[in-house]
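In what follows, every heavy atom counts, from backbone to side chain, and hydrogens, waters and symmetry copies are set aside.
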Amino acid sequence: MAESNFVDYVKIYCRSGKGGRGSTHMRREKYIPNGGPDGGDGGRGGHVILRGNRNYWTLLHLKYDRHILAGHGESGSKNRSFGKDGADKVIEVPCGTVVYNAETGGYICDVTEHEQEVILLKGGRGGLGNWHFKTATRQAPRFAQPGEPMQELTVIMELKLLADVGLVGFPNAGKSTLLASVSAAKPKIANYPFTTLEPNLGIVSYRDSKSFVMADIPGIIEGASAGKGLGLRFLRHIERNSLLLFMVPADSDDIRKEYDILLNELRTFNPEMLDKQRVLAVTKCDMLDQELMDEIEPTLPEGIPHIFISAVSGMGIPVLKDILWEELNKESNKIEGKVDSIAHRAKDLSHLQEELKEEGEDEDLSYEYVNDDEDIEDLEDFEYEEDWEEDKK
């Protein structure tokens with residue numbers, strides 16, 4: 001990963017802007033005695049906003065921009081002049097970004113569409129000027145509301161690729177070769193383990209101009225949940241997939257055993273992933289004849305579709321596409337929210353710190369804020385009510 005610019009995990013500190021305080025100004029002009037209160041309202045603090053951008057494919061641009069600070073609202077002034085709103089801070093993220101609370105591990109939001117905007121932190125509302133508090137019995141109020149305080153939050157952003165089919169298998173199972181043969185993707189292919197060091201996406205063409213997206217992740221091995229190999233860090237990219245394609249080479253000692261090992265590693269990572277539709281592809285079958293395939297077939301797992309393929313010779317590839325398309329369009333895959341419920345699960349706090357350390361995100365991101373408004377003249381008796389005017393948001 002040292003030579004790669006693919007970053008799918010960052011931890012950043014976010015802070016919205018505080019609201020500007022209302023003005024306590026009293027109108028003083030020649031020939032206008034007892035002008036009365038005319039202090040304006042404070043401006044709204046800036047929001048921290050997430051915006052989906054399909055032109056980004058990684059979180060690299062946030063790796064070295066770890067403090068996101070929105071602008072503060074300005075104070076009101078005389079003649080009922082409103083303070084200027086604080087500048088919003090927009091964070092451009094790739095589609096498929098999920099945000100979690102770094103302290104609790106709780107799910108916050110998800111950005112899946114281009115130009116979709118989510119307000120991560122709201123800026124504080126500006127305080128009301130003293131002219132709002134003028135009454136028949138209190139004609140010269142010398143107080144105003146302070147602005148609402150800012151909000152602070154440290155978040156974890158994870159990129160989870162948007163794809164229909166996810167490839168699951170041991171290193172050198174033929175996942176990258178299959179992706180290259182059925183799509184225009186050009187993943188690295190070589191005859192040694194862990195050739196793939198980052199996820200790859202490819203669009204697979206089907207009949208009648210139809211298509212679906214396939215995701216290839218680095219191979220996992222037995223014990224990956226304990227940190228062996230590349231661990232389970234890339235399995236988050238297939239949490240959104242509707243269908244998992246398990247790939248086991250035909251020259252394996254025990255195809256059923258390897259399938260069970262892969263299934264157990266998924267269960268360790270996220271038990272809900274076992275609810276997904278599954279298909280088994282026995283790869284590298286150009287070395288087998290029909291008699292050997294007939295002997296292997298009874299030993300394969302029951303209850304899931306299986307097929308013998310060879311990405312090099314093209315054997316079984318058209319039939320594989322048919323099976324994948326049929327499984328993707330089953331009614332069980334059309335249940336609204338089924339995939340999101342898996343991708344949006346809260347992070348396990350027992351492993352959160354270990355995961356942060358593995359990703360190099362465990363450093364202190366605290367930000368010291370210096371309050372330069374010690375001379376604010378306001379009353380602390382005012383409380384902020386939720387029924388403020390909508391235009392003050």
Minimum heavy-atom distance between [X] and [Y], given as atom pair plus value:
X      : Y      : value
Gly166 : Asn241 : CA-OD1, 3.1 Å
Lys276 : Glu239 : NZ-O, 2.8 Å
Ala163 : Ala215 : CB-CB, 3.7 Å
Gly129 : Asp41  : N-OD1, 2.8 Å
Leu178 : Ile309 : CD1-CD1, 4.3 Å
Asn130 : Ala144 : N-CB, 3.9 Å

Check: Salt bridge check: are Glu92 and Arg51 linked by an N-O gap of less than 4.0 Å?
Finding: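 So Glu92 pairs with Arg51 through a salt bridge.
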Margin query: Check this for me: does any side-chain nitrogen of one of Asp110 and Arg240 sit under 4.0 Å from a carboxylate oxygen of the other?
Written below: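 Arg240 and Asp110: salt-bridged.
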Ignoring hydrogens and geometry, is there a side-chain-to-backbone donor-acceptor pair from [X] to [Y] under 3.5 Å?
X      : Y      : answer
Gln145 : Gly127 : no
Glu74  : Gly83  : no
Arg54  : Gly52  : no
Asn79  : Ser81  : no

When rounded to the nearest 0.5 angstrom, what is the spacing between [atom1] in [X] and [atom2] in [Y]?
X      : Y      : atom1 : atom2 : value
Leu324 : Ser242 : CG    : OG    : 11.5 Å
Asp38  : Lys78  : CG    : NZ    : 8.5 Å
Thr97  : Asp8   : OG1   : CG    : 10.0 Å
Ile108 : Leu153 : CD1   : CG    : 4.5 Å
Leu62  : Tyr56  : CG    : OH    : 8.0 Å
Glu265 : Met273 : CD    : CE    : 12.0 Å

So for atom [atom1], which belongs to [X], do other residues, nucleotides or ligands contribute more than 12 heavy atoms lying within a distance under 6.0 Å?
X      : atom1 : value
Arg267 : CZ    : yes
Leu292 : CG    : yes
Glu295 : CD    : yes

Using the rule that two of Ile, Leu, Val, Met, Phe, Trp, Tyr join whenever any of their side-chain heavy atoms come within less than 4.5 Å, decide whether [X] and [Y] are in one cluster.
X      : Y      : result
Val90  : Val118 : no
Val204 : Val319 : yes
Val99  : Val7   : yes
Leu121 : Ile119 : no
Ile255 : Met315 : yes

Checklist line | Working for side-chain contact (heavy atoms from CB on, under 4.5 Å), residues His306 and Ile323 | finding: CA-CA 9 Å; His306 61 267; Ile323 295 176; over 6 Å; no
Could you tell me if the side chain of [Y] sits less than 4.5 Å from the side chain of [X], heavy atoms only?
X      : Y      : value
Leu69  : Lys89  : no
Asp65  : Ile12  : no
Tyr259 : Arg278 : yes
Asp322 : Arg207 : yes
Met214 : Leu167 : yes
Arg142 : Thr24  : no
Ser16  : Met150 : yes
Ile261 : Phe170 : yes

Note to self: Go through it in stages, so that I can follow the logic: the residues are Leu120 and Ile68, the test is side-chain contact (heavy atoms from CB on, under 4.5 Å), and I'd like the CA-CA distance, side-chain angles, deciding distance and then a yes or no.
What the structure shows: CA-CA 11 Å; Leu120 182 61; Ile68 307 298; over 6 Å; no
Next item on the list: May I have the step-by-step check of side-chain contact (heavy atoms from CB on, under 4.5 Å) for Arg66 and Lys11, ending in yes or no?
Entry: CA-CA 7 Å; Arg66 312 298 292 280; Lys11 177 183 176 184; 4.2 Å; yes
Item checked: Donor on one side chain, acceptor on other, Ser75 and Arg21, under 3.5 Å ->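 Yes, because at least one side-chain N or O of Ser75 sits under 3.5 Å from a partner of the opposite role on Arg21.
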Check: Do the side-chain N and O atoms of His47 and Arg44 include a donor-acceptor pair separated by under 3.5 angstrom?
Finding: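 Yes - a donor-acceptor pair under 3.5 Å links their side chains.
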Next item on the list: Carefully, step by step, assess Val248 and Val282 under the rule side-chain contact (heavy atoms from CB on, under 4.5 Å).
Entry: CA-CA 5 Å; Val248 181; Val282 182; 5.7 Å; no
Note to self: Can you tell me how the ring of Phe133 sits relative to the ring of Phe143, calling it parallel under 30°, perpendicular over 60° and tilted otherwise?
What the structure shows: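 The rings of Phe133 and Phe143 sit tilted, inter-plane angle from 30° to 60°.
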Notebook entry, point to check: Looking at Leu179, Val213, Asp216, which one forms a side chain to side chain contact (heavy atoms under 4.5 Å, CB included) with Leu201?
Noted result: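 By the side chain to side chain contact (heavy atoms under 4.5 Å, CB included) criterion, Leu201 pairs with just one of Leu179, Val213, Asp216: Val213.
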Margin query: Which residue is it: Lys63, Glu158, Met157? I am looking for the one with a side chain to side chain contact (heavy atoms under 4.5 Å, CB included) to Tyr9.
Written below: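 With Tyr9 as partner, Lys63, Glu158, Met157 yield a single side chain to side chain contact (heavy atoms under 4.5 Å, CB included), made by Glu158.
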